[in-house]
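Order of the sequence lines fixes the chain letters, A, B, ..., with proteins taken first and strands second; residue numbering starts at 1 for each chain.
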Amino acid sequence: MINITLPDGSVKKHEAGISAMDIAMSISEGLARNVLSAKVNGKVQDALLPINEDATVQLLTWNDTEGKATMWHSSAHLMAEAVEQLYPGVKFGIGPDIENGFYYDIDFMDYAISDADLPKIEQKMQELAKEKQTFSRKAVPKNEAIEFFTKKGDEYKLELIDELEDGQISFYESGTFTDLCRGPHLPNTGHIKAIKLLSIAGAYWRGDENRKQLTRIYGITFPKKKELTEYLEMLEEAKKRDHRKLGKELEIFTFSQRVGMGLPLWLPKGAELRSRLETFLKDVQRKAGYQQVITPHIGDVNLYKTSGHYDKYGSDSFRPITTPQEGEEYFLKPMNCPHHCEIFAAKPHSYKDLPIRYAEFGTVYRYEQSGELHGLTRVRGFTQDDAHIFCTPDQVKDEFKSVMDIVMTIFKALDFKDFITQISLRDPETPEKYIGSEENWEKAERAIIEVAEERELETVVEYGEAAFYGPKMDFMVRDALGRKWQLGTIQVDYNLPERFELEYTGSDNEKHRPVMIHRAPFGSMERFVAVLIEHCAGNFPLWLTPEQAIILPISEKYHDYAEKLLNLLNNSDIRAQIDFRSEKTGRKIRDAEINKIPFMLIVGEKEEAEGSVSVRKHGEGDLGAMKAEAFVDLVNTTIEQLLNA
RNA sequence: GCCGAUGUAGCUCAGUUGGCCAGAGCAGCUGAUUUGUAAUCAGCCGGUCGGCGGUUCGAAUCCGUCCAUCGGCUCCA
């Protein structure tokens with residue numbers, strides 16, 4: 001007999017060899033029907049696998065992330081089986097579960113495959129799922145595994161096997177499909193009730209662009225049809241928040257083929273919004289002791305040779321600009337830091353001057369592969385809200401803290417709640433990859449971690465993700481479709497001060513190397529605005545939105561009063577317009593709602609007589625009448641609350 | 001850059017197996033209407049059907065090629 005501990009802490013005695021499924025059955029049949037896999041002593045495995053010793057067992061269902069993973073990974077097998085039956089002879093790469101569904105990388109050989117084939121595969125999957133095929137696990141000696149896939153002619157699986165140790169190899173067989181796989185899998189394919197193959201894409205084998213490109217099919221499955229429908233509806237909803245769609249509708253930005261791909265054009269409303277963001281940050285930075293600087297858009301090629309960027313990126317960036325006569329070479333500025341280093345170097349510094357903080361909304365240009373461009377989130381010309389702090393190693397922690405406060409101030413003012421804070425540290429295995437003294441690294445890494453703790457920030461720590469020149473902290477957010485984008489970043493840098501031979505005189509009258517901190521709370525104005533649009537679905541915070549209110553006169557008779565009102569609003573720094581069209585009020589309201597204008601001020605006979613406005617709030621409806629001055633107060637206090645909360 | 005898809009008016013889309021001057025709604029313009037919480041009516045304007053080349057008596061439709069966009073892959077100082 002063995003002791004099985006369940007998540008609620010209860011311990012039950014069972015025969016050795018019992019499976020998680022048997023345990024579920026002993027609790028209730030309904031539960032057993034829903035069990036997808038089980039976590040045994042912390043490891044996820046097949047629900048049908050025998051348990052031979054004392055263990056803690058957690059039954060996993062669709063409600064558990066791991067349960068979904070089991071479902072989706074098994075779905076990848078199911079898809080592979082369907083594909084193999086429809087296209088005999090194809091070869092398989094890897095087929096994992098992912099955050100939302102699964103994919104399988106397949107070498108389709110001579111079959112020309114496209115979206116049009118997906119429904120056929122889906123249908124086959126449905127048929128196979130109905131057969132309730134079981135997944136049988138078999139431990140296989142390495143030589144047998146090699147023999148199997150040699151016979152099958154699947155060089156991808158052979159490559160994977162080659163990297164595995166003998167004794168650790170298992171096969172899973174479901175229906176007619178046998179795969180090299182660690183598992184775990186569903187008790188049977190019958191759990192897969194709703195299937196949708198979403199897209200088809202090329203994917204390099206093992207992510208290496210020098211190797212063969214396989215065909216990747218993405219899909220997702222659910223235990224209920226209804227959930228699939230809901231998921232697809234959710235995707236549709238997400239598309240409506242897409243900043244490319246909203247950015248166009250709200251006239252924030254546009255692109256032009258003539259101007260060039262990846263080069264955004266900010267429309268008046270977008271430019272206004274952006275400059276408001278910039279003013280806001282400048283203000284915060286001024287209070288935090290930053291000085292604004294301005295540097296040109298191109299720089300001598302030697303600047304980037306000194307900074308080291310030429311060696312690293314020179315070959316895959318925009319080609320240099322050459323002068324007609326002297327044959328000088330200039331690069332479009334890919335980053336602002338070398339320029340700021342030269343500003344620092346322009347005069348000698350004492351330790352008493354430090355920290356020095358140079359800030360610039362610096363527009364930079366980077367060559368991005370054409371397939372990479374994506375709305376405002378991935379462009380070829382963008383403006384960083386850049387700043388570089390030059391400080392002593394001892395000041396790193398305080399500076400880091402103050403930068404983080406700036407980031408938090410911004411996120412609060414814009415109501416950003418769902419962000420991920422990632423701390424990137426050295427890979428302790430390969431210290432030789434990093435520049436800078438052990439002592440300084442140690443100091444900086446500890447400072448970052450401590451600051452995060454002091455600020456009670458939830459963080460993800462990634463080892464080996466640090467830049468070669470220093471540790472960093474990044475702030476990531478998701479877009480409407482769940483894709484992760486990096487926004488703000490704070491990076492410690494020991495490299496550039498070295499390369500530019502920056503120095504300051506210490507209290508000991510000796511020369512010392514400053515430490516540099518790169519930081520950009522927004523990251524880039526382009527990407528930030530893109531993500532902002534998707535976060536608020538185009539309903540910008542009141543202080544930021546291009547048009548805060550629109551006055552809707554009931555008829556021409558009230559145009560004079562509307563003008564008077566507009567004057568009052570403008571004098572109170574409220575951005576507003578009047579809808580002079582001879583349309584019905586319902587129409588004017590509808591258009592204002594569509595344009596996501598926060599406040600609609602309806603004025604007619606009553607309002608004119610009383611000096612009032614009837615306020616309708618976007619998305620909420622009629623707030624009733626109030627004095628015009630009361631409305632001004634309402635706007636001002638709302639903004640105050642957002643910015644100073 | 002690679003794989004796949006898409007490309008008809010400013011926007012959203014029709015356009016059957018190749019066949020009359022390529023259609024609609026919205027937006028825009030003009031006029032009428034003077035309006036009370038999500039679409040007033042009428043008329044008009046607007047398209048080298050992404051570009052180029054080919055097949056054909058005839059191409060938005062078929063083929064080739066280039067460009068752009070979308071979904072991924074790779075990349076991202």
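For A/S614, whose side chain is taken as the heavy atoms from C-beta onward, the closest listed nucleotide among B/G4, B/G36, B/G72 is B/G36. Nearest nucleotide to the side chain of A/D115, out of B/G36, B/G4, B/C3: B/G4. Proximity note for A/A201 (side chain, C-beta onward) versus B/G36, B/A68, B/G72: the nearest is B/G72. Among B/C76, B/U37, B/G36, the nucleotide with an atom closest to any side-chain atom of A/D622 is B/U37. For A/E583, the side-chain atoms get nearest to B/U40 when compared with the rest of B/U37, B/U40, B/U35. In the set B/U34, B/A68, B/G36, the nucleotide with an atom closest to the side chain of A/T585 is B/G36. Side-chain atoms of A/S582 lie closest to B/A32 of the nucleotides B/A32, B/C76, B/G36. The side chain of A/I602 has B/G36 as its nearest neighbour among B/G36, B/A68, B/G1.
Nucleotide B/C2 forms a pair with B/G72, judged by Watson-Crick or G-U wobble geometry with both contacts under 3.5 Å. Pairing partner, B/U37: none, since no Watson-Crick or wobble contact has both distances short of 3.5 Å. When both distances must be under 3.5 Å, the Watson-Crick or G-U wobble mate of B/A22 does not exist. B/G64 is paired with B/C52 under the criterion used here, namely a Watson-Crick or G-U wobble arrangement in which both key atom distances are under 3.5 Å. For B/C29, the paired nucleotide is B/G43, the pair qualifying as Watson-Crick or G-U wobble because both relevant distances are below 3.5 Å. Base pairing of B/U17 is not made with any nucleotide, judged by Watson-Crick or G-U wobble geometry with both donor-acceptor distances under 3.5 Å.
Looking at residues 242-254 of chain A, you'll see A/R244, A/K248 sit with a heavy atom under 4.0 Å from some atom of RNA chain B.
Listed for the A/Q548 side chain is a donor-acceptor partner under 3.5 Å among the backbone atoms of A/R575.
Between the C1' atom of B/G10 and the CG atom of A/L265 lies a distance of 16 Å, rounded to the nearest Å. A/Y558 places its OH atom 10 Å from the C1' atom of B/G36, with the value rounded to the nearest Å. Note: NE2 (A/H374) to P (B/C75) measures 18 Å, nearest angstrom. The distance from atom CZ of A/F255 to atom P of B/A68 is 14 Å, rounded to the nearest whole Å.
When each of A/I594 and A/G375 is assigned the nucleotide of RNA chain B with its nearest heavy atom, A/I594 is the one assigned upstream, toward the 5' end. Each of A/I589 and A/S114 was assigned the nucleotide of RNA chain B with the nearest heavy atom; the assignment lying further toward the 5' end belongs to A/S114.
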I'd like a table of atom pairs between the protein and nucleotides 42-44 of chain B - only N or O on both sides, under 3.5 Å - with the distance next to each one.
none

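If you check the side chains of A/W205 and A/D105, you find no donor sitting under 3.5 Å from an acceptor. Residues A/Y204 and A/R206 bring no donor and acceptor atom of their side chains to less than 3.5 Å of each other. With no hydrogens or angles considered, a side-chain donor-acceptor pair links A/Q422 and A/S424 at under 3.5 Å. A side-chain donor-acceptor contact under 3.5 Å links A/K333 and A/T295. A donor-acceptor pair shorter than 3.5 Å can be found between the side chains of A/Y87 and A/D117.
A salt bridge is defined here as a Lys NZ or Arg NE, NH1 or NH2 lying under 4.0 Å from an Asp or Glu carboxylate O, and A/E593 with A/R590 fails to meet this definition.
Separating the P atom of B/C26 from that of B/C20 is a span of 27 Å, rounded to the nearest Å. B/C70 and B/G53: their C1' atoms are spaced 26 Å apart (whole Å). Separating the C1' atom of B/C45 from that of B/G23 is a span of 16 Å, rounded to the nearest Å.
Regarding contacts with the backbone of B/U37, every side-chain N or O of A/R587 stays at 4.0 angstrom or more from both OP1 and OP2. Checking the phosphate oxygens (OP1, OP2) of B/C73, a side-chain nitrogen or oxygen of A/Y218 falls inside 4.0 Å. Contact between the side-chain N/O atoms of A/T215 and the OP1/OP2 oxygens of B/C3 is not found at any separation under 4.0 Å.
The aromatic rings of A/H243 and A/H374 are tilted relative to each other, their planes meeting at an angle between 30° and 60°. Below 30°, between 30° and 60°, or above 60°: for A/F222 and A/Y231 the angle between ring planes is between 30° and 60°, a tilted geometry. Using bins of under 30°, 30° to 60° and over 60° for the plane-to-plane angle, the ring pair A/Y111/A/F108 lands in the perpendicular bin.
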inquiry  = I'd like to know whether A/Y494 forms a side chain to side chain donor-acceptor pair (under 3.5 Å) with A/N440, so could you lay out the CA-CA distance, the side-chain angles of the two residues, the decisive distance to 0.1 Å, and finally the verdict.
reply    = CA-CA 9 Å; A/Y494 303 111; A/N440 280 346; 5.4 Å; no
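In terms of polar N and O atoms assigned as donor or acceptor, the side chain of A/R216 never comes within less than 3.5 Å of the base of B/C3 in a complementary pairing.
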